[in-house]
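Below: one structure, written as structure tokens.
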Protein chains: 2
Amino acid sequence: MAPATRPKPLVCGPRLLADLEALSRFGRRATDHGIDRPAYSPSYRAALDWLRSRMEEAGLTVRMDAAGNLIGRLGRSSGPAVVCGSHIDTVPGGGALDGALGVVAGLEVARQLTDLVPGLTRAYEVVAFADEEGAYLSEIGVRAMVGDVSPDEVRSACGPDGPLADVLSRFGLNAADLSLAARPPSDFAAYLELHIEQGPVLQTLGKRIGIVTEIVGLLTGDLTFFGEANHAGTTPLPMRKDAFRAAAETVSAAFAAVETEFPAETRLTFGNIQLAPGAANVVPATAKLTYEIRAGDEALIDALHSRVLALAGRAAQRCRVEVADRTLARDAAAPMAPEMIATLESVASARGVETVRMPSGAGHDAQVMAGVCPTGMIFVPSIDGVSHNPSERTDVDDILLGASLLCHAVFDVLGCR
Amino acid sequence: MAPATRPKPLVCGPRLLADLEALSRFGRRATDHGIDRPAYSPSYRAALDWLRSRMEEAGLTVRMDAAGNLIGRLGRSSGPAVVCGSHIDTVPGGGALDGALGVVAGLEVARQLTDLVPGLTRAYEVVAFADEEGAYLSEIGVRAMVGDVSPDEVRSACGPDGPLADVLSRFGLNAADLSLAARPPSDFAAYLELHIEQGPVLQTLGKRIGIVTEIVGLLTGDLTFFGEANHAGTTPLPMRKDAFRAAAETVSAAFAAVETEFPAETRLTFGNIQLAPGAANVVPATAKLTYEIRAGDEALIDALHSRVLALAGRAAQRCRVEVADRTLARDAAAPMAPEMIATLESVASARGVETVRMPSGAGHDAQVMAGVCPTGMIFVPSIDGVSHNPSERTDVDDILLGASLLCHAVFDVLGCR
């Protein structure tokens, strides 16, 4: 279909940017302009109050569910909705776009629907999901909405303002009622999320729009090497049981292996290591090495995990130390729906916008929604790949292009042509 | 000369062991029996008071110098003395032998001289040097005695009980008077020190006596790698600037190099590493890696240092990070005097005791004395190489054999045959 035959749901750029700016003030530090807006905090509450009134001004019917998700709805009051969403909580010292962009763009989509499709017969929702960043429990809002939060994890969750149950109570919610937030899959016709890439790939490729193929799976663990503390001067190298040497050899060998044996999009990170006793003149007795593996393909994650363990075992043997492995987290990869990928690509190509397919290396609310309905994600470039940082930025033109494509895609899925 | 023609200066085993036991009670923890006896502390003062009275009972003329060294003298009141010594301060949670053995054995030598050589025409001293372990300033006592402490280092030294100047003042000494402890080289005829090996070499070789050839030189430094903090999920490996990866590759490559290109007695240790930000899902931005190089040959230390820096530079380049090197300490190697080595070997062989020549990987008061007079050291085995630890142990027979050889050597040097 030629672009001329479509209605033209336009994004009102100044309004969308003003919303982003207004939202960024809640929790913003005076010093470095980083934003402190953890879920359920006073700054988060103030941001939600602001968002609620903006939603109401846009003609949405607004409610907060039992998990603290803020939901604005347009069109039919029941039945499956096309949902746009993301989150407005931030990491400590976060930026103005991570999460906020998807919510504000979803709100702008609602306004375009109100303006251009007065008699919407289907339903549209924009949702600000609670605690995507995991100050208490990662993605608790969206997980509660699909009925995937256990009472046990709620009980043990703790964050910057104390135990989650207490924090929820002060926020006006009841931890015991969290399950009331759950909705059946039939409530959701589709889910679309616009997000900044948070990485350097689009900028490096010179592309303005990424279409997410899957949100990668993740395995976090730690390897602890157990050697022997010895005097650095008196213990010959062959008599040592150097836990750090074994850890360092594991890191070197694992990177070499991932680069030569695994696809380029596989991610391996050793984010921390702690030695004991950690003195200049003592051979390290223990080394605790944190690792994280991410890949779009579950089998790849498992294969790289096995490879890392084997290399650690070999290094441990060479250094005459013991090694123990613990898996700390394991999230499955979440493929995006082929029909959503096709829709996003077609609305883009119809407007002459080049796109690139790419995995999302970071987690998003979309990965949970992908389990209950056809889900798609649009990425816009992060300047220098920076995120979770006050200097997180995206070119204004890219922001508006991403929001516009989101809007076109929603119109498409809703059949509003 | 056949053994039968010599006088037989015997060590009184029970007395020497009782002294070690008595001394070990000062600062001993109730929990793990580790000894907390840092220089100038109350437990150190109590130990010195005990030692002073034991010295006086042995007929020594005792004085404490301006640095807190306790000096017991026998024979001529002036002129060069043959000196035995070590230290009675400990590391936190130290053992009963490190330092203490050399002092207690030196005291026993004095008693043997008193008993067997009533008209000693030359001079003998036993010295407990202050702060060998460096709670405030490593080897400050012996360095003050040879006139090698600068006012600057005294001013800036700080330890478990605060600034050194304050601690000295509470101890009854004056930091400004430290230089009064200095004595001319002509005061010293020779220096002999008995010490536990603090390493596993003698035990591994099945030898009971080591004759130290030199105290190795030492270079301590740190390498800081400067990369970039990036999201572990969104940043492809080739786009990262991973400071930890560069550090780990440096460690692996440096150990491989030292093992293939350097003599077996070369010691390379990476005792600590600190990453920032140190989160599981963030590529490390900086890695600060502590290294220590020890070798008996100064040129070897410099060569290995250059090699480590070159490997670090190469790893940094591969990982697209920067690297900076700092030298934190540099102690020159201290060779023992050939005539002292010969004397120690001859008194041993005359008694059918096998010895093995070995470098000392640890620092000792002897390394400073070696700069002013002919110096020798005897090592006895450390069980499992353990030291600086409550479970530091040496077989009683080895303790007594070492003390006996020290005694024979002193008699030899004094010409008391």
Side-chain angles (χ1 to χ4, degrees), chain A residues 197-201 204 216 218 220 222 229-239 242 244-245 247-253 255 258-259 264-275 277-284 290-292 294 328-329 360-363 382 385-389, chain B residues 197-201 204 216 218 220 222 229-239 242 244-245 247-253 255 258-259 264-275 277-284 290-292 294 328-329 360-363 382 385-389:
Chain A
E197 181 201 334
Q198 302 181 273
V201 174
T204 305
V216 302
L218 173 153
T220 308
D222 58 33
N230 279 121
H231 193 295
T234 62
T235 319
L237 267 60
M239 293 187 187
D242 187 335
F244 179 35
R245 180 175 180 177
E249 291 187 354
T250 301
V251 170
S252 301
F255 277 124
V258 76
E259 285 185 344
E265 65 272 21
T266 317
R267 306 276 191 271
L268 173 66
T269 306
F270 294 96
N272 205 10
I273 184 167
Q274 287 178 302
L275 306 187
N281 61 351
V282 183
V283 177
T290 307
Y291 64 86
E292 200 207 70
R294 302 198 195 203
L328 301 173
S360 169
S382 291
V386 174
S387 180
H388 284 193
N389 191 294
Chain B
E197 180 200 337
Q198 303 180 273
V201 174
T204 305
V216 302
L218 172 153
T220 308
D222 58 34
N230 279 121
H231 191 296
T234 62
T235 317
L237 266 62
M239 295 188 187
D242 187 335
F244 180 34
R245 180 175 179 176
E249 290 186 355
T250 301
V251 171
S252 302
F255 277 123
V258 76
E259 284 185 344
E265 64 272 20
T266 317
R267 306 277 190 269
L268 173 66
T269 307
F270 294 96
N272 204 7
I273 185 167
Q274 287 178 303
L275 306 187
N281 61 351
V282 183
V283 177
T290 307
Y291 64 87
E292 201 207 70
R294 302 198 194 204
L328 301 173
S360 169
S382 291
V386 174
S387 181
H388 285 193
N389 192 294

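Below, read A as the first sequence line, B as the second, and so on, with proteins coming before strands; counting in each chain starts at 1.
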Partner set under side-chain contact (heavy atoms from CB on, under 4.5 Å) for A/D222, not counting sequence neighbours: A/T224, A/K288, A/R326, A/L328
Give the minimum heavy-atom separation between B/A232 and A/E292, together with the two atoms involved. CB-OE1, 3.5 Å
Within a radius of less than 6.0 Å around CD of A/Q274, do more than 12 heavy atoms belonging to other residues, nucleotides or ligands occur? no
For A/V258, which atoms come within 4.5 Å of any heavy atom of chain B: side chain, backbone, both, or neither? side chain
Exercise: identify the closest heavy-atom pair between B/G271 and A/L275: O-CD1, 3.7 Å
Return the OG1 to CG distance between B/T269 and A/L237, rounded to the nearest 0.5 Å. 7.0 Å
When only pairs under 4.5 Å are counted, which of B/S252, B/A248, B/G233, B/G199 shares the most heavy-atom pairs with chain A? B/G233
Identify which part of A/S387 has an atom lying under 4.5 Å from any heavy atom of chain B, answering side chain, backbone, both or neither. neither
Interatomic distance, A/N272 atom CG to B/F244 atom CZ [nearest 0.5 angstrom]: 8.0 Å
Can you tell which of A/E249, A/E265, A/R245 has the highest number of heavy-atom pairs within less than 4.5 Å of chain B? A/R245
For each of B/T250, B/T266, B/L268, B/V216, tally heavy-atom pairs with chain A at distances under 4.5 Å, and name the one with the top tally. B/L268
What part of A/D242 is in contact with chain B, defined as an atom under 4.5 angstrom from a non-hydrogen atom: side chain, backbone, both or neither? side chain
Check whether B/T234 reaches the backbone of A/G361 with its side chain - one donor and one acceptor, N or O, closer than 3.5 Å. no
Contacting moiety of A/A279, where chain B heavy atoms sit under 4.5 Å: backbone
How far apart are the closest heavy atoms of A/V201 and B/M239, and which atoms are they? CA-CE, 4.4 Å
Heavy-atom pairs under 4.5 Å with chain A, option from B/E259, B/H388, B/E197 with the top count: B/E259
CG on B/N281 to CZ on A/R294, rounded to 0.5 Å: 6.0 Å
